[in-house]
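Just below is one structure, and these are the notes that go with it.
Computed from a predicted structure; not experimentally measured. Counting convention: from 1, in listed order, for ligands and their atoms alike.
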Amino acid sequence: MKKRYLLSPGPTPVPEEVLLDMAKPIMHHRTPQFSAVFAECAEGLKKLFATSQPVMMLASSGTGAMEASITNLFSPGETVLVVNGGKFGERRGKIAEAYGLKVEWLSVEWGQAVSVGAVEEAIKKNPAIAAVLTQGSETSTTVAHPIQDLAKLTSGTDRLLIVDGITSVGVMPMPMDEWGIDVVLTGSQKALMLPPGLAFVSLSEKAWKKSEAAKLPKFYFDLAKEKKNLAKDTSSYTPAVSLIHGLRKVLEMMFDEGLENVYKRHESLARAARAGTAAIGLRPLAPEAPANSATGVFTPDGVDGAKLVKDLRDTYGVTFAGGQDQLKGKIVRIAHLGYFDSFDIVIALSALEMALAKTGHDVKMGAGVAAAQAELNKRYGG
Ligand SMILES: Cc1ncc(COP(=O)(O)O)c(C=O)c1O
């Protein structure tokens with residue numbers, strides 16, 4: 001027997017009480033009973049996104065909402081500025097290109113956040129840019145982009161700010177209405193502590209207005225149709241009934257904890273992961289703008305990151321994420337989003353120290369754990 005720990009930045013662990021709610025017999029979705037659950041989720045999501053606008057629930061992974069935020073808002077030939085500082089920035093632009101948009105790529109060094117000045121400059125150079133597309137947190141590089149400052153560039157203009165919040169919604173405050181973000185989207189299998197299979201997206205009034213003129217083809221992800229149905233406490237097509245039940249429970253748990261406390265917990269776990277990995281002597285991937293969703297660190301010279309991640313998973317039972325593309329074999333990412341608490345970080349660092357020591361790397365066992373414990377104990381008045 002091996003006890004397994006899922007410490008990856010998605011899918012993330014699901015709390016037992018949520019699993020139990022999702023195991024209940026399937027309810028028919030066109031019933032007042034299910035509509036009541038759906039309506040409760042819709043209200044909860046508005047609170048989570050901090051918006052007065054509806055948040056549509058789609059049966060898809062997060063990429064479905066990324067695609068919907070292109071097809072519902074643009075016409076062929078329009079220009080968008082895509083922040084490309086990692087795997088998901090790249091995917092963002094590829095989706096836009098697939099639909100015939102002109103993509104201005106704003107390349108950002110992996111591990112760095114986008115500079116607001118560079119976005120401002122790009123817009124000045126090309127006023128045809130109809131929208132700025134970015135991640136809140138670029139999961140592949142564990143970077144947090146400066147969303148509030150980017151929103152200041154687009155607020156009060158016709159230009160949209162579209163934020164892939166897949167690893168930032170529920171991790172850090174990103175109040176959609178207050179900051180003036182035009183589109184926020186996320187997925188279920190991250191901070192929302194659910195299995196994969198749901199995506200969520202909300203549009204500002206400005207974005208809804210723009211969507212009326214959008215000519216790109218769409219059918220399944222027709223957000224105006226979803227909005228109409230959501231107003232009647234239902235969805236256009238068969239919803240992921242069990243996941244919606246789980247969502248109701250998750251939102252209840254998040255509001256019981258209090259959103260401010262949810263954000264504080266993420267920040268504290270992130271600080272502990274950073275302190276712990278620094279004490280092990282590992283170089284951070286995102287030293288200047290680290291995200292609170294996951295912490296990426298370079299593996300020491302001579303230690304193959306991919307082999308380390310495999311050993312951690314297969315021998316120790318602890319699943320981390322490795323690096324993608326140019327970072328393949330070079331980094332380890334420790335997640336701390338969603339159903340994560342202090343002792344998940346202790347497990348992560350402890351396993352990392354043990355697996356590193358086994359490679360022959362000079363590790364002082366317990367150094368990372370001790371640094372994290374000191375940081376984590378602040379949560380308990382220690
Ligand atoms: C920032 C970000 N965007 C997009 C995605 C893609 O989401 P999905 O795999 O749910 O389609 C992910 C998944 O890890 C992500 O972290």
Side-chain angles (χ1 to χ4, degrees), residues 6-14 49 56-71 80 82-98 106 108 110-114 132-147 150 161-172 174 181 183-202 220-221 240 243 246-247 250 266 270 285-286 289-296 309 319-325 327-328 331-338 340:
L6 181 59
L7 307 181
S8 90
T12 60
V14 179
F49 279 49
M56 275 71 66
M57 294 171 253
L58 310 172
S60 80
S61 82
T63 304
M66 290 169 83
E67 181 159 322
S69 69
I70 299 287
T71 53
V80 291
V82 172
V83 172
N84 179 18
K87 196 74 198 147
F88 297 107
E90 186 185 273
R91 183 179 302 175
R92 204 74 182 99
K94 281 185 179 168
I95 298 171
E97 282 183 341
L106 180 55
V108 177
W110 284 36
Q112 299 288 319
V114 69
V132 176
L133 276 57
T134 184
Q135 283 62 49
S137 144
E138 171 53 78
T139 323
S140 63
T141 61
T142 66
V143 158
H145 288 305
I147 300 305
L150 292 177
L161 176 65
I162 302 184
V163 177
D164 162 358
I166 291 180
T167 48
S168 39
V169 171
V171 172
M172 61 189 211
M174 212 168 58
I181 309 171
V183 179
V184 174
L185 61 95
T186 192
S188 53
Q189 78 278 23
K190 310 281 186 180
L192 280 167
M193 309 186 281
L194 288 165
L198 288 179
F200 311 98
V201 57
S202 187
Y220 184 63
F221 296 127
L243 292 175
L247 174 63
V250 156
H266 281 84
L285 170 60
N292 286 345
S293 48
T295 297
V309 167
T319 299
F320 288 79
Q324 295 162 290
D325 285 358
L327 293 175
K328 213 176 172 90
I331 61 159
V332 173
R333 287 176 293 153
I334 304 172
H336 28 76
L337 79 166
F340 275 74

Check your understanding: Who's touching ligand 1 if we go heavy atoms under 4.0 Å?
Key -> S61, G62, T63, M66, F88, R91, Q135, S137, T139, D164, I166, T167, Q189, K190

Whether the side chain of [X] engages the backbone of [Y] through a donor-acceptor N/O pair (distance < 3.5 Å, no angle test) should be reported.
X: S69; Y: M66; answer: yes
X: S188; Y: P195; answer: yes
X: T141; Y: W110; answer: no

Review point. Atom CD1 of I95 and atom CD of E90: how far apart are they, to the nearest 0.5 Å?
Key: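 Answer rounded to 0.5 Å: 11.0 Å.
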
Review point. Of all residues at least two apart in sequence or in a different chain, which pass the salt bridge (charged side-chain N to carboxylate O under 4.0 Å, His left out) check with K328?
Key: none

Review point. Given side chains that start at C-beta, do those of P290 and T295 come closer than 4.5 Å, heavy atoms only?
Key: no

